[in-house]
Number of protein chains: 2
Amino acid sequence: MTQVDEILERLRQDGGRVTAARRIVVSALVDTPGPLTAEQLAEVVQAEHPEIHLATIYRTLDALHELGVVQHTHVGHGPAVYSIGSSHQHLVCEVCGEVIDLPPELLDELRATLRKRYKFQLDVGHVALLGRCTRHR
Amino acid sequence: MTQVDEILERLRQDGGRVTAARRIVVSALVDTPGPLTAEQLAEVVQAEHPEIHLATIYRTLDALHELGVVQHTHVGHGPAVYSIGSSHQHLVCEVCGEVIDLPPELLDELRATLRKRYKFQLDVGHVALLGRCTRHR
DNA sequence: ATCTTTGCAAACTTTTTGCACCAAT
DNA sequence: ATTGGTGCAAAAAGTTTGCAAAGAT
């Protein structure tokens, strides 16, 4: 069973329906590596299926989010970026928008400190860390 | 010289003008502790001066940002929060919106790691870390 | 047959902008 | 007198929603 079929199956098991649009959106998401915005995903999808509306992309991403299949991250000003898989921290270059995925362990210590000193449970993955990448100092 | 006058003076030295609206917005900003949204600042301002438009608040915050007097931070979904003073990291509770200011040293180690391992210069202060505060686990 | 999803247009939220008038220098 | 700021209304940008028709189960 392909990754796409697995995801569609989970949608069905959740009481959802496996529609043509969802098949196409999920395929595009699986085939396109790295975090991307809803708009970018729509472009990929609409290259072959222009009838699939941006609202459908948002709704599909939403359904997948409820299943825990995709995460989204808010990046400074611009639009949110969505990515498949489990929650992790993103690094985003403020100049070029490059997104770097960080290994979760990198924040273990900070997470521990915040929990102990501030009684705060860090939720990485929902907002990105901003900064500047090599090419833009 | 009060903090308000200092800030207004810097505006003037930058070629800007010290208007009634700016005096009022800067006073409200100085008098209201903690990070707040443009909307919240507008409410404070408009309680006494309803003629001051939200657009003026944004433009004043923008002018102050260019002077380095205020910073703003993007908080997950909602609106940006503005605060006076130098850049620092915010912790925001996803449930209640509570904002906690973090001492900058707390991120020194992470910053060093990102610089060495990812050649990435972290810009704390422009996006918040999300999570859950004590009351909302 | 039922209940979900779709496409569309319109609403919504936050922020920005064009413009004519007003005010600070 | 000149230049920059203000209020207003309208536009942007990103996302969500109401609705009738279409489609999946």
Side-chain angles (χ1 to χ4, degrees), chain A residues 5 7-26 28 35-43 45-46 49-67 70-82 92 97 126-128, chain B residues 5 7-26 28 35-43 45-46 49-67 70-82 92 97 126-128:
Chain A
D5 288 335
I7 293 171
L8 295 173
E9 193 48 42
R10 291 187 55 186
L11 271 173
R12 178 151 30 211
Q13 240 126 57
D14 194 54
R17 277 145 204 212
V18 175
T19 65
R22 284 182 167 185
R23 230 184 305 263
I24 292 158
V25 172
V26 171
L36 74 180
T37 65
E39 189 89 31
Q40 287 169 333
L41 181 54
E43 270 169 43
V45 164
Q46 290 170 354
H49 303 274
E51 77 282 5
I52 294 180
H53 200 275
L54 182 55
T56 300
I57 308 272
Y58 275 108
R59 286 189 276 225
T60 303
L61 286 171
D62 212 59
L64 295 175
H65 176 126
E66 276 179 10
L67 255 46
V70 313
Q71 312 294 141
H72 72 276
T73 299
H74 297 277
V75 170
H77 291 277
V81 301
Y82 296 78
V92 176
H126 198 70
V127 285
Chain B
D5 288 335
I7 293 171
L8 294 173
E9 193 47 45
R10 290 188 54 188
L11 271 174
R12 176 149 32 210
Q13 241 125 56
D14 193 54
R17 277 149 203 208
V18 175
T19 65
R22 286 183 164 185
R23 231 184 306 263
I24 292 157
V25 172
V26 170
L36 74 179
T37 66
E39 188 89 33
Q40 287 168 333
L41 181 54
E43 269 170 44
V45 164
Q46 290 170 354
H49 304 274
E51 77 282 4
I52 294 180
H53 199 274
L54 181 55
T56 299
I57 307 271
Y58 275 108
R59 286 189 275 226
T60 303
L61 286 171
D62 211 58
L64 295 175
H65 178 227
E66 278 181 7
L67 255 48
V70 312
Q71 312 293 141
H72 73 276
T73 299
H74 297 277
V75 171
H77 292 276
V81 301
Y82 296 78
V92 176
H126 198 70
V127 284

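Lettering follows sequence order; numbering is per chain, from 1. As the structure is a computational prediction, the values presented were derived from the model and not from experiment.
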5′-ward residue of the pair B/R12/B/G78 relative to DNA chain C | B/G78
Taking the nucleotide of DNA chain C with the closest heavy atom to each, which residue, B/R23 or B/Y82, is nearer the 5' end?
-> B/Y82
In residues 14-22 of chain B, which ones come under 4.0 Å of DNA chain C, going by heavy atoms?
-> B/R17, B/V18
What is the distance from [atom1] of [X] to [atom2] of [N], rounded to the nearest Å?
| X | N | atom1 | atom2 | answer |
| --- | --- | --- | --- | --- |
| B/D62 | D/dG5 | CG | C1' | 13 Å |
| A/I57 | D/dG14 | CD1 | P | 15 Å |
| B/L54 | D/dA11 | CG | P | 18 Å |
| A/H53 | D/dT17 | NE2 | P | 15 Å |
| A/E51 | D/dA22 | CD | P | 15 Å |
| A/L11 | D/dA24 | CG | C1' | 13 Å |
| B/I52 | D/dG5 | CD1 | P | 15 Å |
| A/L36 | D/dG14 | CG | P | 14 Å |

On DNA chain C, reading 5' to 3', which nucleotide is the first and which the last to sit with an atom under 4.0 Å from a heavy atom of chain A, could you check?
-> C/dC3 to C/dC8
Mark yes or no for a side-chain to base donor-acceptor pair under 3.5 Å between B/R59 and D/dG7, with no hydrogen or angle criteria applied.
-> yes
May I ask you to say what A/E39 touches in the nucleic acid, namely base, sugar-phosphate or nothing, with a heavy-atom cut-off under 4.0 Å?
-> nothing
Is A/A63 touching bases, backbone alone, or none of the nucleic acid, heavy atoms closer than 4.0 Å?
-> nothing
Minimum heavy-atom separation for [X] and [Y], please, with both atom names.
| X | Y | value |
| --- | --- | --- |
| A/I7 | A/L67 | O-CD2, 4.5 Å |
| B/I57 | B/A42 | CD1-CA, 3.8 Å |
| B/L54 | B/Q46 | N-NE2, 4.0 Å |
| B/L61 | B/V70 | O-CG2, 3.6 Å |
| B/A21 | B/I52 | CA-CD1, 3.9 Å |

Nearest 0.5 Å, what's the CZ-CG distance between B/R23 and B/D5?
-> 8.5 Å
For the residue pair A/H74 and B/H77, does the interplanar ring angle fall in the parallel (under 30°), tilted (30 to 60°) or perpendicular (over 60°) class?
-> perpendicular
Give a yes or no on whether the backbone of A/L8 and the side-chain of A/R22 come within a donor-acceptor separation of less than 3.5 Å.
-> no
Partners of B/Y58 by ring-ring contact (aromatic ring centres under 6.0 Å, His included), sequence neighbours excluded?
-> none
Counting only side-chain N and O atoms of A/Y58, is one of them less than 4.0 Å from OP1 or OP2 of D/dT16?
-> no
